[in-house]
Amino acid sequence: MFKDQAEELLAGFDQALADLDPATLRHYPHKLKGSSQSLGANLLAEKCQQLQKLAEREDFAAKEAGETIVAVKAQYATWVTAVNDNFGI
């Protein structure tokens, strides 16, 4: 369930950035951050927090947000690999 929701939200990050939609870029990382925290994926939650804060700034910087999205996705991939390796999920 988490994996499906996370992948949907991550895809939404890209669309929100393409649309230059900071409101969505605040909302999606917020949702993923909460879910990540509840599963102990704290580094992923921290990356989501960074993206959420970027989207909250008045001087929203798409380039910086894009770089942070890449970092969020990389951390998500790392977490999924760790879960698969340790729990075979």
Side-chain angles (χ1 to χ4, degrees):
M1 182 162 159
F2 170 77
K3 189 175 175 186
D4 293 336
Q5 180 189 33
E7 290 174 3
E8 182 178 312
L9 291 169
L10 290 169
F13 290 4
D14 292 329
Q15 187 61 52
L17 183 60
D19 293 343
L20 296 176
D21 181 359
T24 301
L25 268 177
R26 284 190 301 271
H27 178 69
Y28 284 3
H30 179 77
K31 285 182 74 171
L32 184 56
K33 178 183 71 175
S35 299
S36 299
Q37 287 172 325
S38 70
L39 293 174
N42 295 325
L43 293 176
L44 178 56
E46 288 175 21
K47 294 293 180 192
C48 289
Q49 177 71 28
Q50 289 173 1
L51 181 56
Q52 185 180 351
K53 286 185 181 242
L54 282 173
E56 290 171 352
R57 292 183 5 200
E58 297 252 344
D59 61 337
F60 175 71
K63 182 177 187 246
E64 193 174 353
E67 292 167 354
T68 305
I69 288 170
V70 169
V72 170
K73 288 181 174 185
Q75 187 57 49
Y76 172 73
T78 299
W79 184 83
V80 167
T81 298
V83 169
N84 285 336
D85 288 350
N86 289 303
F87 302 105
I89 297 174

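None of the values given here were measured: they were computed from a predicted structure.
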The criterion is side chain to side chain donor-acceptor pair (under 3.5 Å); which residues satisfy it with [X], sequence neighbours excluded?
X	answer
N86	none
T78	none
D4	none

Item to complete: Give a yes or no on whether E8 atom CD has more than 12 heavy-atom contacts from other residues, nucleotides or ligands under 6.0 Å away.
Response: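 Atom CD in E8 is not packed in, count stays at 12 or less.
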Return all side-chain donor-acceptor pairs below 3.5 angstrom for residues 40-52, not counting sequence neighbours, or 'none' if the list is empty.
residue, atom, partner, partner atom, Å
Q49, OE1, K33, NZ, 2.7
Q52, OE1, K33, NZ, 3.2
Q52, NE2, H30, ND1, 3.3

Donor-acceptor contacts, no H, no angles, side chain residues 12-19, under 3.5 Å, sequence neighbours left out:
residue, atom, partner, partner atom, Å
D14, OD1, K73, NZ, 3.1
D14, OD2, K73, NZ, 2.4
Q15, NE2, D19, OD1, 2.9
Q15, NE2, D19, OD2, 3.2

Worksheet item: So, for S35 and S38, which heavy atoms are closest and what is the spacing to 0.1 Å?
Response: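 Shortest heavy-atom contact: O-OG, 2.7 Å.
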Worksheet entry | Test salt bridge (Lys or Arg N to Asp or Glu O under 4.0 Å) applied to E67 - qualifying residues, sequence neighbours left out |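 With neighbours one apart ignored, the set is K63.
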Practice prompt. Quick one: which residue pairs count as a ring-ring contact (aromatic ring centres under 6.0 Å, His included) with a foot in residues 51-83, not counting sequence neighbours?
Written response: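 Passing the test, one end in residues 51-83: F2-W79.
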Discussion item. Donor-acceptor pair, distance only, cut-off 3.5 Å: does the side chain of R26 make one with the backbone of E56?
Written reply: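 Absent.
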Fill in: 4.5 Å side-chain heavy-atom contact, L54 and L25
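No, too far: nothing below the 4.5 Å cut-off.
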Worksheet item: Got a sec, which residues hit side chain to side chain contact (heavy atoms under 4.5 Å, CB included) with A61, two or more places apart in sequence or on another chain?
Response: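 In terms of side chain to side chain contact (heavy atoms under 4.5 Å, CB included), with neighbours along the sequence ignored, A61 is linked to R57, E64.
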Worksheet entry | Value rounded to 0.5 Å, distance of CG in L32 from CG in L10 |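 Reported to 0.5 Å precision, the distance equals 5.5 Å.
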